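As a basis for the values below, the full set of heavy atoms in this structure was taken, side chains included, without hydrogen atoms, waters or symmetry mates. Position 1 is the first residue of the sequence, and the numbers go up from there. Just so it is clear, the structure is predicted and the values come from calculations on it, not from any experiment.
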Amino acid sequence: KKGSTEVKKSAFFGCKFISDVIFPEGITTIKEYAFASCPLLEHIVIPEGVEDIEKRAFAQCEALKSVTIPSTLAAMSGSDVFSECSSLESVEIREGAKAIGWSAFDRCKSLKSITLPNSIIEIDRSAFKECTSLESIIIPDSVTEIGRWAFDGCTSLKSITIPESVTKIGWMAFKGCTSLEKVIIP
């Protein structure tokens with residue numbers, strides 16, 4: 001709705017025929033479960049101006065293939081924002097975004113690679129847990145913390161370079177990375 005600043009909690013939860021979403025100008029918040037369990041939703045471009053996405057806002061959108069996250073996103077304040085989006089292959093996170101939230105991409109089993117912008121400071125716990133197709137990730141020099149279980153169960157991850165800027169690696173951050181052959185810690 002024109003003039004709205006948020007998409008309300010569970011507004012489109014379980015809508016079976018939504019395939020695309022066009023957001024109006026002025027949206028700053030996408031509330032919890034807003035588009036969760038929309039099985040035909042394929043592509044999302046979250047517009048500039050969105051500052052917060054709450055828990056499970058897009059969780060279990062099984063057909064979702066690509067997501068663009070704006071530079072204005074200061075927080076994914078809730079957990080599991082894109083969890084269980086089993087077809088998600090591509091994520092573009094624009095320069096300016098600050099953190100990858102708790103379980104943000106948990107069990108996105110088709111996600112193969114992701115490049116994080118230099119503005120990301122934290123990769124929160126379980127952010128990429130069980131992304132079983134994830135083969136590579138470039139962690140920028142801006143990251144200071146990798147949370148516990150961040151890459152737990154990423155069975156296709158082959159190598160990772162952890163920059164000098166990282167001062168904390170959480171418990172079991174790389175547990176179950178059974179293909180991991182090379183870890184570079186400068």
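Distance check: Ile160 CD1 to Ile146 CD1 gives 6.0 Å after rounding to the nearest 0.5 Å. The CD1 atom of Ile114 sits 10.0 Å away from atom OG of Ser136, with the distance rounded to the nearest 0.5 Å. Considering CG of Asp152 and OG1 of Thr155, their distance stands at 10.5 Å, rounded to 0.5 Å. The CD atom of Glu62 sits 5.5 Å away from atom OG of Ser86, with the distance rounded to the nearest 0.5 Å. For the atom pair Ser103 OG and Arg56 CZ, the distance stands at 9.0 Å (nearest 0.5 Å). For the atom pair SG of Cys85 and CG of Asp80, the computed distance is 10.0 Å after rounding to the nearest 0.5 Å.
Two different hydrophobic clusters hold Ile184 and Leu180 under the rule that ILVMFWY side chains link at heavy-atom gaps under 4.5 Å. Both Leu64 and Phe12 belong to a single network of hydrophobic side chains, linked directly or stepwise wherever heavy atoms of I, L, V, M, F, W or Y lie under 4.5 Å apart. Note on Val21 and Ile27: same hydrophobic cluster, where clusters join Ile, Leu, Val, Met, Phe, Trp and Tyr whose side-chain heavy atoms are under 4.5 Å apart, directly or indirectly. There is no path of hydrophobic side-chain contacts, each under 4.5 Å, that joins Val67 to Leu40. Hydrophobic clustering (ILVMFWY, side-chain heavy atoms < 4.5 Å, transitive): Trp102 and Val143 are in distinct clusters.
Salt-bridge check for Lys129 with Asp106: failed, with every basic side-chain N at 4.0 Å or more from each acidic carboxylate O. With respect to the salt-bridge test (charged N to carboxylate O, under 4.0 angstrom), the residues Arg107 and Glu84 qualify.
The closest donor-acceptor contact from the side chain of Thr68 to the backbone of Val45 lies at 3.5 Å or more, if one exists at all. Between the Thr72 side chain and the Glu51 main chain, no donor and acceptor come within less than 3.5 Å of each other. Ser119 places a side-chain N or O within 3.5 Å of a backbone atom of Gly96 that can act as its donor or acceptor partner.
Put simply, the side chain of Leu116 reaches to within 4.5 Å of the side chain of Ile123, judged on heavy atoms. Using a 4.5 Å heavy-atom cutoff, the side chains of Leu111 and Phe128 are in contact. A 4.5 Å side-chain heavy-atom check between Ile69 and Phe82 finds at least one atom pair inside the cut-off. Ile93 is listed as a side-chain neighbour of Ile100, based on a closest heavy-atom distance under 4.5 Å. Contact check for Pro117 versus Arg94: no side-chain heavy atoms found under the 4.5 Å cut-off. Residues Leu134 and Phe105 have side chains not in contact (no heavy-atom distance under 4.5 Å, counting atoms from C-beta outward). Side-chain contact between Phe23 and Ile30 is present, with at least one heavy-atom pair separated by less than 4.5 Å.
Exactly one residue among Lys31, Lys9, Lys8 makes a salt bridge (charged side-chain N to carboxylate O under 4.0 Å, His left out) with Glu54. That residue is Lys31.
For residues 153-166, the set of pairs meeting the salt bridge (Lys or Arg N to Asp or Glu O under 4.0 Å) definition, not counting sequence neighbours, is empty. Note on residues 137-146: no pairs pass side chain to side chain donor-acceptor pair (under 3.5 Å), not counting sequence neighbours. Sorted by first and then second residue, the pairs that involve residues 33-47 and meet side chain to side chain donor-acceptor pair (under 3.5 Å), not counting sequence neighbours, are Ser37-Gln60, His43-Ser66.
Ile169 meets the side-chain contact (heavy atoms from CB on, under 4.5 Å) test with Ile162, Val166, Ala173, Phe174; sequence neighbours excluded. Partners of Lys112 under the side-chain contact (heavy atoms from CB on, under 4.5 Å) rule, at least two apart in sequence or in another chain, are Ser133.
Glu48 and Ser71 are linked by a side-chain donor-acceptor pair at a separation below 3.5 angstrom, with hydrogens and angles left out of the test.
Grouped with Trp171 in one hydrophobic cluster are Trp149, Met172, the linkage being side-chain heavy-atom contacts under 4.5 Å among Ile, Leu, Val, Met, Phe, Trp and Tyr residues.
A parallel orientation is assigned to the rings of Phe35 and Phe58, their planes being inclined by less than 30° (bins at 30° and 60°).
For Ile138, the CD1 atom is loosely surrounded, since the number of other residues' heavy atoms within 6.0 Å does not exceed 12. Environment of NZ in Lys109: crowded, with over 12 heavy atoms of neighbouring residues, nucleotides or ligands closer than 6.0 Å.
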